[in-house]
Every structure is written in C-alpha cells, then in structure tokens.
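Following: one structure in structure tokens, then a few remarks.
Since the model is a prediction, treat every value here as computed from it, not as a measurement. All ligand and atom numbering here is 1-based and tracks the order in the structure.
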Amino acid sequence: MGRVVVGVAVSVAVVACIVAAGVVGRRVQNRGKWRRVVRVLKELEEDCETSVGRLKQVVDAMAVEMHAGLASEGGSKLKMLLTFVDNLPDGKEIGTHYALHLGGTNFRVLSIQLEGNRSSILEHDVERLPIPQHLMTSTGNDLFDFIASSLKEFIDKGNNSEVLRGGRRDLGFTFSFPTKQTSISSGVLIKWTKGFSIEDMVGRDVTECLQQALNRKGLNIRVTALINDTVGTLALGHYQDADTVAAVIIGTGTNACYLERTDAIIKCQGLHTTSGFMAINMEWGNFWSSHLPRTSYDIDLDFDSPNPNDQGFEKMISGMYLGDIVRRVILQMSRESDIFGSGSSRLSMAFVLTTPLMAEMHEDESPDLREVARILRDTLGILEVPLKARKLVVRICNTVTRRAARLVAAGILGILKKMGRDGTGGIAGVRSRSAVNMKRTVVAVEGGLYTNYTMFREFLLEALTEILGEDNAKHVILRVTEDGSGIGAALLAASHSSN
Ligand code: BGC
C-alpha cells in the first residue's frame, strides 16, 4: 500500500515537473519572440533618427542642392524647373475662369468668378472625381478625353452654356508632375510619379494634348496657364497674403516651389522678367542627401517601385508611401515571431495599408486600441492581436510619421535658408542680401497629410521650432490654402488672359 502511495506521489511530481517545464519553456519562448519584435522596432527607431543636428545637415544639403540645380541643367537631383510665372495675380483679375487639376488621388474641375477685388473670389465651384485606376497606365488620349469630358459635364451642370457656343473662356491646367516648361502655357512631361505611367505622354507637350481633347469635345476654351500644383498654391497663398514666398504640397506626392531672383537662375543666364523674380518648381520629391535617415524598408520599397532610384525624398515623406513603409515593418515582425498570428497573405500585398488608415491607427485614442485591432483585421487580415502588439503598431506609425514630418520641416527651412530668410543670412559664401533679422515669411501649404493628420502637423511644427529656435520660428507662418492648386491655376489663367 505504502509503495503504491509513493508511486503515485512520484508520478504526480513528474507530471507537475513536465507541466512546469512546459510553462517555463513557453514563457521563455514568448519572451524570445517579444524580444525579437522589440529589436525590429528599436532598429527602426534608430534608423529613423532625426536629431536636430541631423535635420540641420538636411537643411544645409537642401540649400546647397538648390544652388546646384539653379547653376546648371542636371547639376542636382533637384530639377529646379522654370515656371515662367513672374507675376502673381494681384486682385485686379475679373471674369469667370476654369481650372483642371490632375495630380494625385483625385481629379478636380473648378470655376471661379472674379470681380477685380483681391478679397473676393465671388464664387468657386469645385468637383472632385476619383481617377479611374486603368487611366493611370493607359494612353494619353484616353486620359485627356476623360479630363475634357469631365469638364464638359461640369460646365453643362453649371449652366454655363455660353462656353459651348460663343464667349471663349480661359483655363488654367494644374498638372502635378515634373514638366519642363517653355512658357507659362506650354511644357513637356519629363516623367511620371505617384503611380502614373503613360508611356506615350513622356516628352509630349501637355497643353497641346489637353487643348486637342478640349477641341474634340467642342469646348470653346483656351489653355492659358499650365502650372504645377505648388505654383497654384503659391499663387493663391500670395493672393491672400502678400508675404507668401513659397508653397509646399504634402499629399499623395510632395513638392515645393518658391520665388527666386532671376539673376540667381544661372543656368538661364540673361533670363529677364519685369518683376525680377520667377517661381521655381523645385521637384523636391527627388531630393537626395547622404544625411537622410534611410532604413532597409525604404530600400526595399524603392526597389519594388516602378521608379527605383527616383523620388527618394518623396518615398520617405508622402501619403503614397507612408502606409506601405508601416506595412513592411509589420511584415518583418510577423516573420520574426507569431505575435501577429500565423501570417496573413494580405500583409504581403503592396500598398494594401493606405496612409489614411495608418493615420487612424496612429491617432487611435481608445484604451484598448480598438481601431488598430479593426484595421489590422479588416485590412491586413490579422485576427486577435494582443494589446501589447497593437501598441507596437502605434509606435511604428509614430516613428515613420515623425521622420516624414521632421524631414519636411528641414526641407522648408532649406528653402528659407536659400532665400536668406532663416535668420542665418543664407548659406556660407553665398550670403543673401536680405537682413539676418527675420522677416515675416509665409509658406502656403496644401495636401491631406498636413491638413488631415494632426500628429503629422504637430511633428512638423515642433521640428521647425527646434531647428529655428523659438524667436525665429515666430516669423515663419505655415498657412493652409484650400484648393489653391486649382484656384491658383484659374487665377493665373485670368492674369495671363489676352481678353
Ligand atoms: C510631383 C510634383 C508634384 C507633387 C505633389 C510629385 O510626385 O513630381 O510635380 O508637385 O507630387 O503633387
């Protein structure tokens, strides 16, 4: 009997030991997998580091590249394109004018009525249409016929039937892709960005393509201004506040333009304008510098993109890409451990996690991060994510967005440095004529990342102050314009109208 008891006791002890070993083993395993994902996060945070010191190097690099791009054709990755906009609308414009804006996720058609008084754009009517996906890779004719038909429908709806019969109207075309302009109303497409790829358009005159499509639709409209979205934003910004000297777009893509003295545009020596300045379309999406904090995810994203080695700055900053960087980090974590379940196939789909969804996860304020869980489930097919893993996702979003916003701040200050408006008197050896004292300087801003994503905006403004110092930062005002890229085109069409 005694032996039996001892035997049972021994067996129980052995089972207990096995169970305990199992529990301990699982704990060790668990700890191991968390350690691995935390390492992935830490590496990401380190590689995305944007200390003020590093940002200042980016500021300097931007200003130096601007000089190089103005000095010679191909002198820099910054194209520094002439826009032939040497006079900004001043408020004296009158009449009804149209604009079309092609460039990002949506296509916009709009009309404005002006009555010769700066403060009053009488009416402004706008229609936003998603661009049918297949047109982004179709032919130039298909794309421009769609654009012309949309304008015709817009005009029909607005009862502006005189456009279809008599009274010719002017139109400003905002074409938000790198275009080499030969005048305010003509220019040749250099390359596509933001997922567009229509081979037969590259090298063609954009205005001519649009004008022909408008004629095919029987519209009595003349394209009098061809502009980049940054230039439209600058035009409206300046119309509303004369201290506006630059404009930045932070949306699906990113870019900036600013007012440059014509004598500084060395690659076009002898360029003469009555005003002595011209708006320069920097195409800063293609900016590159060894000081940019680049991660392995950026390298992979670039490699997989249709335009490798191109638009490097844009790929770290703009709405087209941020969500995909975050997806790539989550994918890496899911390869290192099973904290995101056994691997969802949707996680491997490029661009499935859009930047607006990423922003929702980042700004989820619910205690159990409900939105994060919902988006991971519905968009990435990842079910049952523990709270600890959801918190990691928020940190990834934070890191990627913070880097992007701080780089935009450095970019803006690079422009101000080039203009001698950053309080330091310009870059070494090229001291600007303007005083070291800061002048009130307004930068017009557009794009969903800045206007709809609070954390992005806060990170950007915080970095501006960190780099400039509080006193100088007070003189730099980022001012949101609404539909400036389109309205600005209509304003420029009006001011360049021959009527
Ligand atoms: C284009 C620019 C444009 C920017 C913002 C970039 O991809 O190259 O021309 O201004 O996007 O829309």
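Contact atoms of ligand 1 toward F177: 9 (O) (distance under 4.0 Å to a heavy atom of the residue). Shown in contact with Q311 at under 4.0 Å from a heavy atom are these atoms of ligand 1, numbered in order with element: 7 (O), 8 (O). Of all the atoms in ligand 1, the ones that sit under 4.0 Å from a non-hydrogen atom of G253 are 5 (C), 11 (O). Atoms of ligand 1 lying under 4.0 Å from any heavy atom of E283, numbered from 1 in the order shown and given with element: 1 (C), 2 (C), 8 (O), 9 (O).
What sits closest to atom 6 (C) of ligand 1 on the protein, heavy atoms only, is E314 OE1, 3.1 Å. Summary of contacts: the protein heavy atom closest to atom 12 (O) of ligand 1 is D229 OD2, 2.6 Å.
Aromatic ring orientation, Y453 versus F456: tilted (interplanar angle from 30° to 60°). Ring geometry, F146 versus F107: the interplanar angle falls from 30° to 60°, so the pair is classed tilted.
By the 4.5 Å heavy-atom criterion applied to side chains, T262 and H272 are not counted as neighbours. A heavy-atom distance below 4.5 Å is not found between the side chains of Y321 and M316. By the 4.5 Å heavy-atom criterion applied to side chains, L110 and H101 are not counted as neighbours.
Taking any N or O of N281, backbone or side chain, none lies under 3.5 Å from an N or O belonging to ligand 1. The shortest N/O to N/O separation between K194 and ligand 1 falls below 3.5 Å.
Not a single heavy atom of G103 sits closer than 4.0 Å to an atom of ligand 1. No heavy atom of M320 sits closer than 4.0 Å to any atom of ligand 1.
Only backbone heavy atoms of T254 (N, CA, C or O) come within less than 4.0 Å of ligand 1; its side chain stays farther off.
When atom types are taken as modelled, the side chain of K418 and the backbone of E65 share no donor-acceptor pair closer than 3.5 angstrom.
Environment of NZ in K191: crowded, with over 12 heavy atoms of neighbouring residues, nucleotides or ligands closer than 6.0 Å.
Rounding to the nearest 0.5 Å places NE2 of H67 at 13.0 Å from OG of S72.
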